[in-house]
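Index from 1, following the sequence. Just follow the structure's listing: the first ligand is 1, and inside any ligand the first atom is 1.
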Amino acid sequence: MPGGHLEPPDQSGPGASAGSEHSGERLQKVLARVGIGSRRACEELIADGLVTVNGSVAELGCRVDPERDQVEVEGVAVGIRPGLVHYLLNKPVGVVTTASDPQGRPTVVQLVPPEPRVFPVGRLDRETEGLLLLTNDGDLTHRVTHPSHGVEKEYLAEVVGSPSRAALRSLREGIQLDDGLTAPARVALVDRSLIRITIHEGRNRQVRRMMDAIGHPVTRLIRTRIGPITDRRLAPGEWRSLTPDELRSLETVVALGPDALR
Ligand code: URA
């Protein structure tokens with residue numbers, strides 16, 4: 001059993017090159033705390049050379065500073081900073097996606113715990129419902145919202161009338177909007193006026209503008225998935241923390257790009 005007989009002495013050995021400061025916390029303990037697996041499973045990942053600290057392969061027994069060190073497991077960044085929170089909110093209609101609204105309208109941050117302070121990851125229009133992430137993890141926010149990572153967002157759009165096959169095809173192939181051609185989208189007609197659309201760009205009011213462009217304005221818009229994150233049971237206005245598995249799969253998608261989900 002790799003690692004089983006290698007229970008290290010309390011101080012890092014001379015070979016513990018990555019993150020080996022005596023003052024830090026044991027890497028396997030930190031990994032277990034953030035949900036990578038049991039302490040023993042984490043020891044095995046380290047012993048198998050699958051964990052890096054600041055870009056160097058970690059050795060069993062090394063210690064890390066959770067505030068400073070960058071840890072990756074199998075090439076995927078793992079958030080180990082204490083105090084990071086990641087919430088999934090089902091945003092109701094009429095709530096604005098901002099940390100504070102000068103006009104005093106209800107905001108998404110008022111629907112989640114006030115401490116620690118979190119910020120929305122991307123935005124939904126005031127009239128759009130559905131899944132929204134909020135976090136104090138600025139690094140993850142940056143990676144999820146950055147266009148180069150192309151995290152998929154899936155929406156259910158109720159529209160006026162019933163789009164023709166040609167209209168659906170044009171949504172799939174790309175629509176010329178005033179800020180340029182949209183990237184190919186995945187589109188399915190779920191019911192005569194109900195479209196499921198998956199996009200990986202984050203342009204302002206993009207779905208509404210795409211539907212306007214095909215002559216079928218949106219009457220209701222719900223975001224049903226962000227990358228690998230979905231939840232049909234979360235009621236409007238409710239929130240929950242992401243599970244360690246969800247957080248890991250989100251980290252995987254932003255590390256590998258949108259193809260990781262296909
Ligand atoms: N597209 C829109 O038009 N609105 C949203 O809130 C999200 C995507």
Side-chain angles (χ1 to χ4, degrees), residues 87-101 103 105-112 118-135 140-161 163 167-168 170-191 193-232 234-239 250 253-254 258 261:
Y87 301 138
L88 180 67
L89 170 73
N90 186 346
K91 177 192 155 329
V93 167
V95 176
V96 289
T97 306
T98 179
S100 78
D101 184 53
Q103 297 174 51
R105 296 170 298 183
T107 71
V108 290
V109 296
Q110 292 166 345
L111 295 173
V112 296
V118 292
F119 297 88
V121 179
R123 66 182 294 280
L124 291 177
D125 303 332
R126 187 151 72 100
E127 298 315 314
T128 301
E129 309 157 58
L131 301 182
L132 180 74
L133 295 171
L134 296 107
T135 182
L140 184 70
T141 299
H142 177 72
R143 285 179 289 129
V144 169
T145 51
H146 198 279
S148 67
H149 295 298
V151 173
E152 287 191 343
K153 271 88 63 178
E154 182 186 276
Y155 299 86
L156 271 180
E158 198 177 82
V159 298
V160 174
L168 297 176
S170 62
L171 290 175
R172 286 187 192 108
E173 289 173 355
I175 297 268
Q176 190 64 49
L177 300 178
D178 52 14
D179 54 356
L181 189 66
T182 60
R186 282 214 299 283
V187 176
L189 193 63
V190 178
D191 206 347
S193 292
L194 192 61
I195 298 175
R196 177 176 298 118
I197 177 163
T198 308
I199 58 174
H200 54 84
E201 300 171 289
R203 298 199 221 167
N204 196 23
R205 300 180 68 81
Q206 180 167 342
V207 174
R208 291 175 195 275
R209 290 190 293 138
M210 290 172 78
M211 299 305 169
D212 283 345
I214 60 164
H216 295 276
V218 164
T219 52
R220 186 176 178 195
L221 186 60
I222 310 172
R223 181 149 73 186
T224 51
R225 182 166 65 79
I226 304 164
I229 313 294
T230 182
D231 189 328
R232 286 163 168 243
L234 202 61
E238 279 184 2
W239 65 275
L250 191 59
V253 167
V254 292
L261 269 187

Any donor and acceptor pair, going by atom type alone, linking the side chain of Thr224 with main-chain N or O of Glu154 inside 3.5 Å? yes
Would a distance-only check, ignoring hydrogens and angles, find a side-chain to backbone donor-acceptor pair under 3.5 Å from Lys91 to Arg126? yes
Ligand 1: which protein N/O atoms lie under 3.5 Å from its N/O atoms?
unit_1: ligand 1; atom_1: 1 (N); unit_2: Val207; atom_2: N; d: 3.1
unit_1: ligand 1; atom_1: 3 (O); unit_2: Arg205; atom_2: O; d: 3.3
unit_1: ligand 1; atom_1: 3 (O); unit_2: Gln206; atom_2: N; d: 3.4
unit_1: ligand 1; atom_1: 3 (O); unit_2: Val207; atom_2: N; d: 3.2
unit_1: ligand 1; atom_1: 3 (O); unit_2: Arg208; atom_2: N; d: 2.9
unit_1: ligand 1; atom_1: 4 (N); unit_2: Asp125; atom_2: OD2; d: 2.7
unit_1: ligand 1; atom_1: 6 (O); unit_2: Asp125; atom_2: N; d: 2.8
unit_1: ligand 1; atom_1: 6 (O); unit_2: Asp125; atom_2: OD2; d: 3.4
unit_1: ligand 1; atom_1: 6 (O); unit_2: Thr128; atom_2: OG1; d: 2.9

Mark yes or no for whether Thr182, through its side chain, and Ile175, through its backbone, hold a donor-acceptor pair below 3.5 Å. yes
Should Arg220 and Glu129 count as an ion pair when the cut-off is N to O under 4.0 Å? yes
Could you tell me if Arg105 and Thr98 have a donor-acceptor pair between their side chains, going purely by distance under 3.5 Å? no
As an exercise, state the distance from NE2 of His216 to CD1 of Ile195, rounded to the nearest 0.5 Å. 7.5 Å
